[in-house]
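Here the structure is laid out as structure tokens; the discussion comes afterwards.
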Amino acid sequence: MAFGTVTKRFGNKLFPALSSTPRLLHSHATSFGFKHVNEEEKARMVGDVFTSVAASYDTMNDLMSAGLHRLWKERLVSMLNPFPGMKHLDVAGGTGDVAFRILDNINRVKQRRLPNAFKVSLESETQIYVCDINPNMLNVGKQRATEKGYGEDGSLVWVEGNAESLSFQNDSMDGYTIAFGIRNVTHIEKVLSEAHRVLKPGGRFLCLELSHVSLPIFKELYDLYSFSVIPRIGEMVAGDRESYQYLVESIRRFPPQEKFASMIADAGFQKVEYENLVGGVVAIHSGLKI
């Protein structure tokens, strides 16, 4: 892709445990950015962050990534390969950005491949569930869906829920996506376990997340931009420097790409792989439930 990708595939083998540095988040440790907090406090503090940034979330994403987040999400959805009639769960997707792209993709598939006789029945079967723990983020998504005309056929379902304890049945989803959300949870392993539980055999797990840059010179520039520029943009645009300071810090506490891949494999997923975009600024991790 034009913005640069590197893909690593690991076949079916489970990853060995990889060493981590004290500054990286393991889900048994509890942190809020660079601060150590108890679990209940973290959940409340993360909730406060997203309540604060909900209204300006998409604008800030455009500014912070120079619009590249749109291309990253398109890549995520293309790897999902959505199809008419699928049951899909998008977690931490409150503003609807990923869900809308999935529906657009499904509609293009239907227009290309399906005879008219099948369109009505398959439209009613397609269900994209948008699950988010924060009602303010969901309200932003619902408003955007109404404005853009998404989900009028009942294909879009909004659910307030916790990624660590989903309300969906076992083996009920064809696909699971989570974009820029998993680094904010308290227990990463619980989220991965729940993702594996709700997916049908053959279902795909996909995670798009800000990650770790490996090239030293690029890393220095990225760190300078992250810690010096992003909080200032947050202060000017959203009136909230502290929330964006947390978001930057939370990236550095998230496991590096191979460590996170090993955690996905430990949750039971097979054919785990990841793809670095823009030198590792973001990564897309993928796994199959078999």
Side-chain angles (χ1 to χ4, degrees), residues 9-17 25-30 39-40 42-43 46-47 76-77 79-83 85-94 96 98-99 102 106 125-135 137-138 141 155-209 254-255 257-274 283-290:
R9 297 181 174 85
F10 300 89
N12 292 329
K13 81 172 181 180
L14 296 180
F15 295 92
L25 171 64
H26 187 279
S27 58
H28 293 311
T30 305
E39 293 181 0
E40 295 76 13
K42 175 173 180 173
V46 171
L76 179 78
V77 172
M79 292 173 68
L80 176 67
N81 195 22
F83 57 88
M86 79 180 302
K87 302 292 186 291
H88 181 81
L89 177 59
D90 181 44
V91 174
V98 172
I102 292 171
I106 288 173
E125 292 173 10
T126 299
Q127 295 271 260
I128 310 299
Y129 296 87
V130 181
C131 179
D132 201 295
I133 199 170
N134 191 294
M137 296 288 282
L138 287 170
S155 60
L156 201 55
V157 183
W158 304 88
V159 179
E160 185 177 340
N162 189 334
E164 297 184 21
S165 55
L166 296 170
S167 60
F168 302 96
Q169 294 182 351
N170 296 352
D171 305 326
S172 58
M173 298 291 166
D174 296 296
Y176 177 113
T177 49
I178 180 167
F180 306 124
I182 202 166
R183 76 181 187 280
N184 298 306
V185 306
T186 304
H187 302 101
I188 296 174
E189 288 98 335
K190 287 184 179 180
V191 174
L192 296 174
S193 176
E194 281 291 271
H196 190 271
R197 179 183 66 80
V198 302
L199 279 168
K200 299 175 183 177
R204 181 177 293 278
F205 166 86
L206 285 162
C207 176
L208 170 65
E209 189 53 88
F254 190 68
Q257 288 87 322
E258 294 203 13
K259 173 62 178 175
F260 184 47
S262 75
M263 296 171 73
I264 297 170
D266 287 344
F269 288 100
Q270 302 292 312
K271 298 184 178 179
V272 176
E273 61 186 56
Y274 69 84
I284 299 176
H285 283 73
S286 172
L288 286 177
K289 178 176 178 178
I290 295 177

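One is the number of the first residue; the rest follow in order along the sequence.
- Leu192 contributes atom CG, which lies 9.5 Å from atom CG of Asp266 (distance to the nearest 0.5 angstrom).
- Taking the salt bridge (Lys or Arg N to Asp or Glu O under 4.0 Å) definition, one finds that Glu209 meets it with Arg183, sequence neighbours left out.
- None of Leu166, Val157, Leu138 except one satisfies the side chain to side chain contact (heavy atoms under 4.5 Å, CB included) rule with Cys131; the exception is Leu166.
- Here Phe168 pairs with Tyr129 under the ring-ring contact (aromatic ring centres under 6.0 Å, His included) rule; sequence neighbours left out.
- Interatomic distance, Ile284 CD1 to Leu206 CG, rounded to the nearest 0.5 Å: 7.5 Å.
- In this structure, CG on Leu80 lies 4.5 Å from CE on Met86, to the nearest 0.5 angstrom.
- Applying the side chain to side chain donor-acceptor pair (under 3.5 Å) test to Asn162 and every residue at least two apart in sequence or in another chain returns nothing.
- Residues satisfying the ring-ring contact (aromatic ring centres under 6.0 Å, His included) test with Phe260, not counting sequence neighbours, are Phe254, His285.
- For residues 198-208, the pairs satisfying salt bridge (Lys or Arg N to Asp or Glu O under 4.0 Å) are Asp174-Lys200, with sequence neighbours left out.
- The salt bridge (Lys or Arg N to Asp or Glu O under 4.0 Å) test applied to Lys289 returns Asp171, not counting sequence neighbours.
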Inset, instruction - Determine, step by step, whether Ile178 and Phe205 satisfy the side chain to side chain contact (heavy atoms under 4.5 Å, CB included) criterion, reporting the C-alpha distance in whole Å, the side-chain angles of both residues, the deciding distance to 0.1 Å, and the verdict. - result: CA-CA 8 Å; Ile178 180 167; Phe205 166 86; 4.3 Å; yes
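- Every ring-ring contact (aromatic ring centres under 6.0 Å, His included) that His196 has, sequence neighbours left out, goes to Phe269.
- With sequence neighbours left out, the salt bridge (Lys or Arg N to Asp or Glu O under 4.0 Å) criterion links Arg197 to Glu194.
- Under the 3.5 Å distance criterion, the side-chain polar atoms of Glu164 are matched with a main-chain donor or acceptor of Thr186.
- Looking at Lys87, its side chain does come within 3.5 Å of a backbone N or O of Glu125 through a donor-acceptor pair.
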